[in-house]
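Down below is the structure, laid out as structure tokens.
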Amino acid sequence: MTGNTEHHHENETITSDDGPQPGRHRLDTSMKRRRVLIGGTAVAAAGGLAVAGFASADTTDGSTASSTAAETSAGTSATSGVCTLNAEVTEGPYSLDGALVREDIREDKEGFEVRYTFTVVDQAADCAPLADALVEIWHCDALGEYSGFVGGNGHQEEDNGTFLRGGQLTDANGQCSITSIWPGHYVSRAVHVHMRVHTEVTLTDDSYTGGEVIHTGQLFFDPDINEEIQATSPYSANTTKETALADDSIYDDGGASSGLLTLTALGSGVSDGYKATITVGVDSA
């Protein structure tokens, strides 16, 4: 899988057997600015839809917001019918096709637990929850290495091509959960997670075929919490230079609509992990 191909971070030239190729960056402005407010009729918030994501989607400091505001209990009757399309950005040079469909993507990777809950809403359906969409994520390990591309951040370790990659189908409420670890960092990028939303996939025994990608984005973390985590083992073993969120070439300070996660601590310290929630506004049309 790696062969003679060298894959570097999103801002570098990518060198392959065919010679240097331009690195992939953020999509052009017209695509990036799909994150616009869309008006519609009121829709039901069935079975615990995180309706606060509608109101908070453009906040810039919501990463540590109280779970009380971020999670609405089952039975809430309606929302404003206005949702925000999340920013479309590059998938980066570390994507692979055919992700495993599974809830826990950690395998044997060490790191602090992150329990993601995604709520996908569809602008094309008046911001209603989007069921049966495959939410796929992938990210580097504590040393900044991606499965399938180990060595890109200067560390040598076993590479099975699947660790910290996978996805889940959304339920009738547009929600799904994935368990992973807090990502490490690598040169020139702030700590982040890659995400794609697929529709019309066909499930196989452990993966999927077909379908259409309707959203490509990235997820980001509160910088203060991240600073503490990156200074703690096993993350502290990664001595490559880290880029601050404010200096990241992809994140545009748009808050939740730019992928900033709402985090809730699972315990008294960072090593206990976090629950991470976000409402992802897509357009299936």
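- In this structure, CG on Leu219 lies 11.5 Å from OH on Tyr251, to the nearest 0.5 angstrom.
- Side chain of Asp272 to main chain of Gly269: a donor-acceptor pair is present (N/O by atom type, distance under 3.5 Å, no hydrogens or angles).
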| task | Step by step, work out the side chain to side chain contact (heavy atoms under 4.5 Å, CB included) result for His215 and Met195. | result | CA-CA 8 Å; His215 174 70; Met195 176 179 62; 3.7 Å; yes

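- For the pair Val89/Asp252, no side-chain contact is recorded, criterion being any heavy-atom separation below 4.5 Å from C-beta on.
- Here the OG1-CG distance, from Thr119 to Asp171, works out to 8.5 Å after rounding to the nearest 0.5 Å.
- Counting only distance, with no hydrogens or angles, the side chain of Tyr235 and the backbone of Phe112 share a donor-acceptor pair below 3.5 Å.
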| said: side chain to side chain contact (heavy atoms under 4.5 Å, CB included), that's the test. Do Gln168 and Val135 meet it? Break it down for me. | reply: CA-CA 6 Å; Gln168 281 280 281; Val135 178; 5.9 Å; no

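- Between the side chain of His194 and the backbone N or O of Trp138, no donor-acceptor pair lies under 3.5 Å.
- The heavy-atom pair separating His185 from Cys140 by the smallest distance is N-SG, 4.2 Å.
- The main-chain N or O of Thr216 is found under 3.5 Å from a side-chain atom of Glu88 such that the two form a donor-acceptor pair.
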| query | Can you list the steps and then say if Glu242 with Glu227 is a side chain to side chain contact (heavy atoms under 4.5 Å, CB included)? | reply | CA-CA 10 Å; Glu242 182 179 357; Glu227 182 179 6; over 6 Å; no

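- Under the 4.0 Å criterion applied to side-chain N and carboxylate O atoms, Arg102 and Glu107 are assigned as salt-bridge partners.
- One N or O on the side chain of Asp159 and one on the backbone of Gly148 form a donor-acceptor pair closer than 3.5 Å.
- Between Arg165 and Leu100 there is no side-chain heavy-atom pair separated by less than 4.5 Å.
- The hydrophobic cluster containing Leu143 does not contain Tyr186, counting ILVMFWY residues as joined when their side-chain heavy atoms lie under 4.5 angstrom apart, directly or transitively.
- Within a 6.0 Å radius of CD in Gln230, more than 12 heavy atoms belonging to other residues, nucleotides or ligands are found.
- Formation of a donor-acceptor pair under 3.5 Å by the Gln218 side chain with backbone atoms of Thr90 is found in this model.
- Residues Val191 and Ile225 share a hydrophobic cluster, clusters being chains of Ile/Leu/Val/Met/Phe/Trp/Tyr side chains in contact below 4.5 Å.
- The two residues Ser147 and Asn160 have their closest heavy-atom pair at CB-OD1, 4.4 Å.
- In this structure, Ile229 and Tyr274 have side chains that are in contact, with non-hydrogen atoms separated by less than 4.5 Å.
- A continuous path of Ile, Leu, Val, Met, Phe, Trp and Tyr side chains, each step under 4.5 Å between heavy atoms, connects Val193 with Val270, placing both in one hydrophobic cluster.
- The closest side-chain heavy-atom distance from Ile181 to His139 is below 4.5 Å.
- Using cut-offs of 30° and 60° on the angle between ring planes, the pair Tyr94 and Phe149 is perpendicular.
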| request: Any chance you could lay out the side chain to side chain contact (heavy atoms under 4.5 Å, CB included) test for Leu169 and Val201, step after step, and finish with the verdict? | output: CA-CA 9 Å; Leu169 287 180; Val201 300; 4.0 Å; yes

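- Distance CD/Glu200 to OH/Tyr208: 14.0 Å, rounded to 0.5 Å.
- For the atom pair CG of Asp283 and SG of Cys127, the computed distance is 10.0 Å after rounding to the nearest 0.5 Å.
- Contact check for Asn86 versus Ile278: side-chain heavy atoms found under the 4.5 Å cut-off.
- In this structure a side-chain-to-backbone donor-acceptor pair under 3.5 Å is present from Thr170 to Leu130.
- Across every non-hydrogen atom of Ala276 and Val114, the tightest pair is CB-CG1, 3.8 Å.
- Between Glu157 and Phe163 the shortest side-chain heavy-atom distance falls below 4.5 Å.
- Put simply, the side chain of Ser207 gets close to the backbone of Ala99: a donor and an acceptor are under 3.5 Å apart.
- When all heavy atoms of Ala172 and Ala131 are compared, the pair lying nearest together is CA-CB, 4.0 Å.
- Criterion: ILVMFWY side-chain heavy atoms under 4.5 Å apart, direct or through other members. Under it, Leu134 and Val197 are not part of a common hydrophobic cluster.
- Considering CG of Asn153 and OG1 of Thr240, their distance stands at 4.0 Å, rounded to 0.5 Å.
- Between the CG atom in Leu261 and the OG1 atom in Thr117 there is a gap of 10.5 Å [rounded to 0.5 Å].
- Taking the side chain as every heavy atom from C-beta outward, Leu245 and Leu260 approach each other to under 4.5 Å.
- Residues passing the salt bridge (charged side-chain N to carboxylate O under 4.0 Å, His left out) test with Glu136, sequence neighbours excluded: Arg196.
- In the hydrophobic cluster analysis, where Ile, Leu, Val, Met, Phe, Trp and Tyr join through side-chain heavy atoms closer than 4.5 angstrom, Val150 is grouped together with Ile105.
- The aromatic rings of Trp182 and Phe221 lie tilted to each other, with the angle between the two planes from 30° to 60°.
- Ring orientation note: the planes of Phe118 and Tyr116 are close to parallel, at an angle under 30° on the 30°/60° scale.
- No donor-acceptor pair closer than 3.5 Å links the side chain of Glu103 to the backbone N or O of Thr179.
- Looking at heavy atoms from C-beta onward, Ile214 lies out of side-chain contact with Asp122 at the 4.5 angstrom threshold.
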